[in-house]
> 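One structure coming up, written as structure tokens, with questions to follow.
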Amino acid sequence: MVEKVIWPAYIDAELSRREGRRVPQEVAVSEPTVDEIAKAVQQVGYDAVVERDKAYSRENWKTRGRVLVKNADDASKNDLIQAVAAYVAALRD
């Protein structure tokens with residue numbers, strides 16, 4: 001079983017690529033939460049586990065948490081992050 005980790009910084013529009021954003025600026029959203037990310041992961045079709053007490057290494061002063069994606073063997077991490085970012089943006093509309 002493969003777990004993939006999605007940090008809120010990966011899709012945060014307020015951050016630069018150097019600071020950890022992994023999606024294009026047009027797809028990114030401002031201040032995403034782990035709950036939004038978990039809901040988007042479930043919409044994509046995977047199981048999500050939220051860990052709220054974790055801090056991204058490039059933002060070790062912020063404890064925004066992370067989302068573990070279970071059984072995502074069939075998707076690359078980049079494709080998964082792109083799909084999650086698109087769903088979080090759609091959830092906000």
> For N60, what residues pass the side chain to side chain donor-acceptor pair (under 3.5 Å) criterion, not counting sequence neighbours?
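In terms of side chain to side chain donor-acceptor pair (under 3.5 Å), with neighbours along the sequence ignored, N60 is linked to no residue.
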> Does one hydrophobic cluster hold both V88 and V5, with members joined at side-chain heavy-atom distances below 4.5 Å?
yes
> Any pair with a residue in residues 67-93 that passes ring-ring contact (aromatic ring centres under 6.0 Å, His included), sequence neighbours left out, goes on the list, sorted by first then second residue, please.
none
> For S16, enumerate each residue passing the side chain to side chain donor-acceptor pair (under 3.5 Å) test, keeping only those at least two apart in sequence or located in another chain.
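Side chain to side chain donor-acceptor pair (under 3.5 Å) list for S16, sorted by chain: E19.
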> Taking all atoms of both residues into account, what is the closest heavy-atom pair of V34 and R66, and its distance?
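Looking at all heavy atoms of both residues, the closest pair is CG1-N, 3.6 Å.
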> Who are the side-chain contact (heavy atoms from CB on, under 4.5 Å) partners of Q25, not counting sequence neighbours?
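side-chain contact (heavy atoms from CB on, under 4.5 Å) check on Q25 returns A13, R21.
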> Can you sort out the partners of E14 under side chain to side chain donor-acceptor pair (under 3.5 Å), two or more places apart, ordered by chain and number?
none
> Looking at residues at least two apart in the chain, or sitting in another chain, which of them share a salt bridge (charged side-chain N to carboxylate O under 4.0 Å, His left out) with E59?
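Partners of E59 under the salt bridge (charged side-chain N to carboxylate O under 4.0 Å, His left out) test: K62, R64.
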> Could you walk me through whether E3 and V69 pass the side chain to side chain contact (heavy atoms under 4.5 Å, CB included) check?
CA-CA 5 Å; E3 287 182 346; V69 182; over 6 Å; no
> Any ring-ring contact (aromatic ring centres under 6.0 Å, His included) involving residues 56-86? Give me the pairs, sequence neighbours left out, ordered by first then second residue.
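Residue pairs with at least one partner in residues 56-86: W7-Y56, Y10-Y56.
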> Do P24 and R17 touch side chain to side chain, with heavy atoms closer than 4.5 Å?
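A side-chain contact under 4.5 Å exists here.
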> For the side-chain contact (heavy atoms from CB on, under 4.5 Å) test, which of V84, I11, V67 pairs with P32?
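Looking at V84, I11, V67, the match for P32 under the side-chain contact (heavy atoms from CB on, under 4.5 Å) is I11.
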> S30: which residues meet the side chain to side chain donor-acceptor pair (under 3.5 Å) condition with it, sequence neighbours left out?
none
> Taking all atoms of both residues into account, what is the closest heavy-atom pair of L15 and A9, and its distance?
CD1-CB, 3.6 Å
> Could I get the full list of ring pair (Phe, Tyr, Trp, His ring centres under 6.0 Å) partners for Y46, not counting sequence neighbours?
none
> Going through the checks in order, is the side chain to side chain contact (heavy atoms under 4.5 Å, CB included) test met by T63 and K54?
CA-CA 6 Å; T63 330; K54 301 294 182 182; 5.8 Å; no
> Table please: side-chain donor-acceptor pairs of residues 35-44 below 3.5 Å, with sequence neighbours left out.
from: D35; atom 1: OD1; to: R52; atom 2: NH1; distance (Å): 3.3
from: D35; atom 1: OD1; to: R52; atom 2: NH2; distance (Å): 2.7
from: E36; atom 1: OE1; to: T33; atom 2: N; distance (Å): 3.1
from: E36; atom 1: OE1; to: R92; atom 2: NH2; distance (Å): 2.9
from: E36; atom 1: OE2; to: R92; atom 2: NE; distance (Å): 2.9
from: E36; atom 1: OE2; to: R92; atom 2: NH2; distance (Å): 3.4

> Taking side chain as C-beta onward, heavy atoms only, is V29 less than 4.5 Å from D12?
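No; the side chains remain at least 4.5 Å from each other.
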> At what distance, to the nearest 0.5 angstrom, does NZ of K4 lie from CG of L80?
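Rounded to the nearest 0.5 Å, the NZ-CG separation comes out at 6.5 Å.
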> If you look at every heavy atom in R22 and N78, which pair is closest and at what distance?
O-OD1, 4.3 Å
> Show the nearest heavy-atom pair for residues K70 and V49, with the distance to one decimal.
CE-CG2, 3.5 Å
